[in-house]
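Everything on this sheet refers to the single structure shown next.
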Amino acid sequence: MSPKVRMAPSPTGFLHIGGVRTFLFNWLFARQQGGECLLRIENTDTSREVAEAVDQIQESLRWVGIDWDGPVTFQLDTADRARELAHELVANGHAYEDDGAIRFRQPKEGTVSWVDAVRGEIEFRNELLPDLVIVRSDGRPTYNFVSPVDDILDGITHVIRAEGHVSNTPSQINILRALGADLPLYAHVPDINGDDGKKLSKRHGAASVDLFRDAGYLPAALMNFLALLGWSYDDKTTIMSRHELIERFSLERVVPSPATFDYKKLDWMNGMYLRALQPDEYAHFLERWLREHDIDWPQQRVFATAPLVQEKIEKFSQYPDFVRFLFEDVAPPDGVDGKVVAAAADRLAQLPTWEAAAIEDDLRGLVEELGEKPRTAFAPIRLAVTGSKISPGLFESLELLGRDESLRRLRAAAA
RNA sequence: GGCCCAUUCGUCUAGUGGCCUAGGACACCGCCCUCUCACGGCGGCGGCACGGGUUCGAAUCCCGUAUGGGCCUCCA
């Protein structure tokens with residue numbers, strides 16, 4: 001039987017990073033097994049629904065690179081069918097009316113247990129399970145009822161969801177049994193925590209997918225990083241392409257304990273991905289990021305800066321400040337060694353070709369003349385030209401800036 | 001409070017009774033490379049929550065304690 005899983009967000013706001021990781025595991029599993037991956041919006045609680053959320057969730061998923069099979073479905077769409085089933089349960093004694101609502105009658109003896117794909121056998125005593133409401137007094141079925149019902153209707157074989165659902169599982173299993181349905185396989189994946197050890201969620205540690213997109217992370221890097229939160233391939237493999245992830249993923253290697261989100265590691269990994277990009281790909285991603293942030297610097301020059309920054313930054317949000325001096329004037333800094341800067345301006349003014357290699361030769365000649373160390377002699381020049389002690393390569397920067405502007409800044413700083 | 005889950009370097013993890021004087025990666029520190037930054041190279045710091053068992057032998061199995069988390073909603 002071909003596996004079928006579902007990603008089941010509730011439309012109460014943006015898609016947060018913990019949810020994406022859970023969906024990623026569903027997706028990786030389905031794609032690897034050649035199964036199907038459904039997207040079902042769990043909107044039984046209409047009171048908390050946020051209008052734009054449905055579109056936003058899909059857009060975020062698409063950006064990360066997670067797709068789904070068939071049309072997006074809504075839990076509310078099966079409400080009628082769920083209600084019918086609830087009445088059947090009432091008819092055969094598995095449920096009863098209570099104040100206009102319908103409650104599921106839990107077995108009063110024995111235990112419910114299942115073998116969780118990531119946590120092993122889990123067992124609950126039936127007598128401790130409360131008779132939960134499955135249809136509200138206003139007629140809307142509740143999550144704990146529709147969810148398993150939809151799983152039957154959709155033919156879901158593997159329920160891969162967050163560990164918070166462990167305690168809902170015994171009730172859902174009892175409901176499925178009362179309905180005479182087969183049980184899916186369950187896999188409860190660990191949460192992702194913030195630095196404070198508390199679970200990352202919409203209400204806590206607000207880490208939406210959009211925030212990562214904004215910060216200039218690459219989807220492939222985010223996916224790689226997320227996959228490694230709670231799962232590993234072996235003891236030494238870290239960087240894995242989407243293809244490799246799909247090929248190697250397995251539920252058995254998902255760990256049961258929660259992980260803490262480490263931004264520093266994500267930054268490092270994103271830097272790895274950024275540097276591995278082909279120049280044209282890099283320029284493409286960079287250009288898209290700038291466009292999304294309404295930065296309208298001349299495209300040609302932006303492309304020209306790409307090779308200067310590719311080795312230097314680990315996410316695009318660092319780009320504007322890093323190369324701003326190439327697009328805007330810089331304030332002449334104080335405390336610059338005017339002698340070196342003036343000498344540099346004089347020499348550079350004589351240069352026949354304004355090109356990085358020639359500029360470098362010329363400046364190194366100057367350094368020798370002055371009897372200085374390169375690092376100390378280049379510092380004031382860098383400061384005068386870029387306005388900062390940290391910048392892309394000096395010679396390449398000078399070339400890009402152009403002779404006139406470069407000389408103007410050097411002379412301004414020397415004055 | 002009840003029930004359930006979890007617990008290996010600061011962080012992500014490898015580890016399924018002997019291969020472990022616990023391996024890798026990020027972070028951090030030092031050195032090298034070097035026009036700054038970054039990359040890269042080399043080295044270092046650093047961990048099996050605690051206590052009992054079981055066993056010739058335990059990070060690995062069992063029990064307890066502690067800590068953290070989740071659920072106990074006519075939320076999902």
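Nothing here was measured: the structure is a model prediction, and the numbers come from that model. Here is how names work: the chains are called A, B, and so on, in the same order as the sequence lines, proteins then strands, and each is numbered from 1.
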Next item on the list: Confirm from the modelled atom types if A:Ser167 and B:C3 form a donor-acceptor pair under 3.5 Å, side chain to base only.
Entry: no
Next item on the list: Report the distance from atom CG of A:Leu401 to atom P of B:C35, rounded to the nearest whole Å.
Entry: 21 Å
Check: Between the base of B:C35 and the side chain of A:Arg382, is there a donor-acceptor distance below 3.5 Å?
Finding: yes
Checklist line | Side-chain donor-acceptor contact under 3.5 Å, A:Asp131 with A:Tyr96 | finding: yes
Note to self: Checking the side chain of A:Glu372 only, and the main-chain atoms of A:Ala377 only, is there a donor and an acceptor separated by less than 3.5 Å?
What the structure shows: no
Notebook entry, point to check: Between B:A6, B:A76, B:G24, which one does the side chain of A:Lys236 approach most closely?
Noted result: B:G24
Check: What distance, rounded to whole Å, do you find between the two P atoms, one in B:C48 and one in B:U60?
Finding: 12 Å
Margin query: Between B:G40 and B:G23, how many Å separate the two P atoms, rounded to a whole number?
Written below: 23 Å
Notebook entry, point to check: Looking at the side chain of A:Val166, which of B:A6, B:U13, B:C4 is the nearest nucleotide?
Noted result: B:C4
Next item on the list: Check the distance between B:C71's C1' and A:Leu132's CG and give it to me in whole angstrom.
Entry: 12 Å
Notebook entry, point to check: Choosing from B:A14, B:C3, B:G69, which nucleotide comes nearest the side chain of A:Ser232?
Noted result: B:A14
Next item on the list: May I ask you to decide if A:Leu398's main-chain N or O and A:Trp354's side chain share a donor-acceptor pair within less than 3.5 Å?
Entry: yes
Check: Would you say the base of B:A76 and the side-chain of A:Asn168 have a donor-acceptor pair closer than 3.5 Å?
Finding: yes
Note to self: Let's test this: given Watson-Crick or G-U wobble pairing with both distances under 3.5 Å, identify the partner of B:U55.
What the structure shows: none
Note to self: Quick check for you: among B:C35, B:G10, B:C74, whose closest atom lies nearest to any side-chain atom of A:Asp262?
What the structure shows: B:G10
Item checked: Interatomic distance where CD belongs to A:Glu121 and P belongs to B:C4 [whole Å] -> 13 Å
Checklist line | Which residue lies more 5' along RNA chain B, comparing A:Arg103 with A:Trp231 via nearest heavy atoms | finding: A:Trp231
Item checked: Ion pair check, A:Asp234 and A:Arg253, cut-off under 4.0 Å -> no
Notebook entry, point to check: Base, sugar-phosphate, or nothing: which does A:Ala379 touch, judged by heavy atoms less than 4.0 Å apart?
Noted result: nothing
Checklist line | C1'-based separation of B:U65 from B:C29 [nearest Å] | finding: 37 Å
Note to self: Counting only side-chain heavy atoms from C-beta out, which of B:C39, B:U36, B:A14 sits nearest to A:Glu311?
What the structure shows: B:C39
Margin query: Check whether A:Arg6 reaches the backbone of A:Asp151 with its side chain - one donor and one acceptor, N or O, closer than 3.5 Å.
Written below: no
Next item on the list: With the side chain of A:Trp268 defined as its heavy atoms from C-beta on, choose the nearest nucleotide among B:A27, B:C5, B:G23.
Entry: B:A27
Notebook entry, point to check: Roughly, in whole Å, what's the span from OH in A:Tyr217 to P in B:C26?
Noted result: 16 Å
Notebook entry, point to check: Which one, B:C37, B:C74, B:U36, comes nearest to the side chain of A:Ser391?
Noted result: B:U36
Check: Which is true for A:Lys264 with a 4.0 Å heavy-atom rule: it touches a base, it touches only sugar-phosphate, or it touches nothing?
Finding: sugar-phosphate
Notebook entry, point to check: Given the P atoms of B:G2 and B:C61, what is the spacing between them in whole Å?
Noted result: 27 Å
Margin query: Taking only side-chain N and O atoms of A:Thr260, does any of them lie within less than 4.0 angstrom of OP1 or OP2 on B:C12?
Written below: yes
Notebook entry, point to check: Atom NZ of A:Lys265 and atom C1' of B:U11: how far apart are they, to the nearest Å?
Noted result: 8 Å
Next item on the list: Tell me what A:Ser257 touches on the nucleic acid: a base, only sugar-phosphate, or nothing, going by heavy atoms under 4.0 Å.
Entry: sugar-phosphate
Check: Quantified in whole Å, what is the C1' atom distance between nucleotide B:G18 and nucleotide B:U34?
Finding: 48 Å
Check: So what does A:Arg364 hit on the nucleic acid, given a heavy-atom distance under 4.0 Å: a base, only sugar-phosphate, or nothing?
Finding: base
Margin query: Please tell me if A:Arg136 has a side-chain N or O lying less than 4.0 Å from either OP1 or OP2 of B:C75.
Written below: yes
Margin query: Is it the case that B:U36 (base atoms only) and A:Lys312 (side chain only) share a donor and an acceptor within less than 3.5 Å, ignoring hydrogens and angles?
Written below: yes
Check: Can you check the A:Phe225 CZ to B:A27 P distance for me, whole Å?
Finding: 12 Å
